[in-house]
S.K.: 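First, the structure itself, so that you have it in front of you.
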Amino acid sequence: SGRYDLHGSLDLHRHTVREARQALFAFFQLARSKGWRNLLISHGRGERSPTPARIKSYVAHWLTQVPDVIAYHSAARHHGGTGSVYVLLKKTPAAREEARERHGLKS
């Protein structure tokens with residue numbers, strides 16, 4: 001099927017770089033507190049902006065600065081294509097422990 005469940009999404013369209021950065025890091029805090037792992041961030045392509053793909057470039061850079069980010073990839077067309085990115089976050093310690101117990105592993 002090629003689809004997976006998204007836990008949360010963030011839309012950064014029409015944000016300044018500063019607003020986008022604040023929103024992104026607040027979103028990661030929210031995701032962490034809720035145990036979300038599969039995220040969608042829509043940054044747009046900046047086609048109506050004097051500097052195309054500006055937020056997209058910043059988002060790509062910021063994702064490298066977040067230790068909880070395992071991977072990220074351009075989204076499928078139905079999720080915004082190259083104007084959006086899927087982000088996979090590490091499990092929280094509580095989620096790791098819960099998974100170990102569910103699978104009968106000793107910690």
S.K.: Do S84 side-chain atoms and G81 backbone N/O form a donor-acceptor pair below 3.5 Å?
M.R.: no

S.K.: If I compare all heavy atoms of L40 with all of A75, which pair ends up nearest, and what's the gap?
M.R.: CD1-CB, 3.8 Å

S.K.: On a heavy-atom basis, which atom in H79 and which in S42 lie closest, and how many Å separate them?
M.R.: O-OG, 4.5 Å

S.K.: If Ile, Leu, Val, Met, Phe, Trp and Tyr residues are connected whenever their side-chain heavy atoms lie under 4.5 Å apart, and connections chain through other members, are V66 and I70 in the same group?
M.R.: no

S.K.: Quick one: list whatever passes ring pair (Phe, Tyr, Trp, His ring centres under 6.0 Å) with F28, sequence neighbours left out.
M.R.: none

S.K.: Please report the closest heavy-atom contact between K91 and A99, naming both atoms and the distance.
M.R.: NZ-CB, 3.6 Å

S.K.: Can you tell me which residue among D68, L39, N38 is in a side-chain contact (heavy atoms from CB on, under 4.5 Å) with L88?
M.R.: N38

S.K.: Identify which one of V69, I41, L24 satisfies the side-chain contact (heavy atoms from CB on, under 4.5 Å) criterion when paired with W62.
M.R.: L24

S.K.: Is it the case that more than 12 heavy atoms not belonging to F27 sit under 6.0 Å from its CZ atom?
M.R.: yes

S.K.: Verify the cluster assignment for L30 and L63: are they in a single hydrophobic cluster under the rule of side-chain heavy atoms below 4.5 Å apart?
M.R.: yes

S.K.: Does a sphere of radius 6.0 Å around CZ in R18 hold more than 12 heavy atoms from other residues, nucleotides or ligands, not counting ones at 6.0 Å or beyond?
M.R.: no

S.K.: Assess whether atom CZ of R96 is packed by more than 12 heavy atoms of other residues, nucleotides or ligands within 6.0 Å.
M.R.: yes

S.K.: Give, for atom CD of Q22 and atom OG1 of T16, the distance between the pair rounded to the nearest 0.5 Å.
M.R.: 7.5 Å

S.K.: Can you list the steps and then say if L12 with E19 is a side chain to side chain contact (heavy atoms under 4.5 Å, CB included)?
M.R.: CA-CA 8 Å; L12 297 176; E19 290 166 347; over 6 Å; no

S.K.: Taking all atoms of both residues into account, what is the closest heavy-atom pair of K90 and R32, and its distance?
M.R.: O-NH1, 3.8 Å

S.K.: At their closest point, which heavy atom of K56 faces which heavy atom of T82, and how far apart are they?
M.R.: NZ-O, 3.2 Å

S.K.: Taking side-chain contact (heavy atoms from CB on, under 4.5 Å) as the test, write out the residues that go with A76, two or more places apart.
M.R.: H78, Y86

S.K.: If I take atom CZ from residue R21 and atom NE2 from residue H15, how far apart are they, to the nearest 0.5 angstrom?
M.R.: 14.0 Å

